[in-house]
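Working notes, structure below.
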Amino acid sequence: MPRNIPVIDRVWTILDLIRWGAEYFRDKEIDSPRLTIELMICHVLDIQRVQLYTDFERPLTREELANLRAMVLRRKDHEPLQYILGQADFYGRPFIVTPDVLIPRPETELLVDRVIRGAKGQGSIRCLDIGTGSGCIPVTAAIHLPESHWLAIDISKGALDVATRNAERHGVADRVELQQCDILKEQPAGTFDIITMNPPYIAAADISELEPEVRDHEPHQALTDDADGLTFFRRLAVLASVMLRPGGTMFIEIGHGQSELVRSILASAAMKTEIIPDLAMVPRIAIVRNSPSMS
Ligand code: GLN
């Protein structure tokens, strides 16, 4: 089997391509080599994974092969697989992703899980998601909290387009309103029972350390504040007291090693702050409560 990209002058079956692709991606030190080529073939042929093995002798047409080749080349250049497939899983559901949005992360599933568990049974609530990106937070929460209404804001028009498509795809577009807003300069109207944000918390100095998938392909302004990584926490500390309703809660994702800094920044909001760890025991979600007794 040749090591280079498949040439289009011979017949390639599904099985040939799985074998070739797994080897090729392993050679290039791409994560999950076999899964990667399998998901690409499924995407090109528009089939489920199980069909790869029931239809393994199916030959690909020249056009299918050309499409697959383009995907393989993108992944070789470290473009994340989710952008190539146009989709990422979040909290058990598929979300449309493009290079305009951050790829949703498992850590953010923990944030959403907290929101859902914390708000179950609260009835009709008004919520705000800041820097919504793909819309994974408000769309997932709206599905699980059928009486919740969300305002989801982002500075990026491209991100808002993706979030709109995700809200429509998951049938919650009537309860997730999208709005362009620069939270550092503007303040959305009204007050909220829940505010969520997964801020661009990577410090400018740490950007070069990131893996190429993230550094070279995910949107820069979704990753970093181009400063010390804490800009948005400072802004949220100011906004919490004006935008959280009495009894309301803010859920903020934080970066590795930021918990004490974030805690002291949020202390200025004079609200009760709890920081909970993720599955790797890294402090990950700051929960800020505007308890009526303390306000
Ligand atoms: N809210 C989106 C997410 O959690 C985008 C966050 C961001 O762009 N920083 O995936």
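Both counts, for ligands and for their atoms, begin at 1 and track the order of listing.
- From the protein, the heavy atom lying nearest to atom 2 (C) of ligand 1 is Thr132 O, 3.3 Å.
- At a 3.5 angstrom cut-off on N or O pairs, Gly131 counts as close to ligand 1.
- Taking a 6.0 Å sphere around NE2 of His256, one finds it holds 12 or fewer heavy atoms contributed by other residues, nucleotides or ligands.
- Of the residues Val176, Ile137, Asp154, Leu151, the one that meets the side-chain contact (heavy atoms from CB on, under 4.5 Å) test with Asp129 is Ile137.
- Annotation: Asn198 places an N or O atom under 3.5 Å from an N or O atom of ligand 1; distance criterion only.
- Under 3.5 Å, the side chains of His220 and Asp226 contain a donor-acceptor pair of N or O atoms.
- Inter-residue side-chain proximity for Leu15 and Glu57 is flagged as unmet; no heavy-atom pair is nearer than 4.5 Å.
- Below 4.0 Å from some heavy atom of Thr108 lie the following atoms of ligand 1, by number and element: 4 (O).
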Would you check, one step at a time, whether the test side-chain contact (heavy atoms from CB on, under 4.5 Å) holds for Ile252 with Leu236? CA-CA 9 Å; Ile252 318 164; Leu236 291 174; 3.8 Å; yes
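- Side-chain contact, Thr164 with Asp161: no donor N or O sits under 3.5 Å from an acceptor N or O.
- Contact annotation for Leu223 and ligand 1: no heavy atom of the residue comes within less than 4.0 Å of the ligand.
- Checked against a 3.5 angstrom limit, the closest N/O atoms of Ala222 and ligand 1 fall inside it.
- With a heavy-atom cut-off of 4.0 Å, Cys136 touches ligand 1 through its side chain alone.
- The shortest N or O to N or O distance between Asp129 and ligand 1 is not under 3.5 Å.
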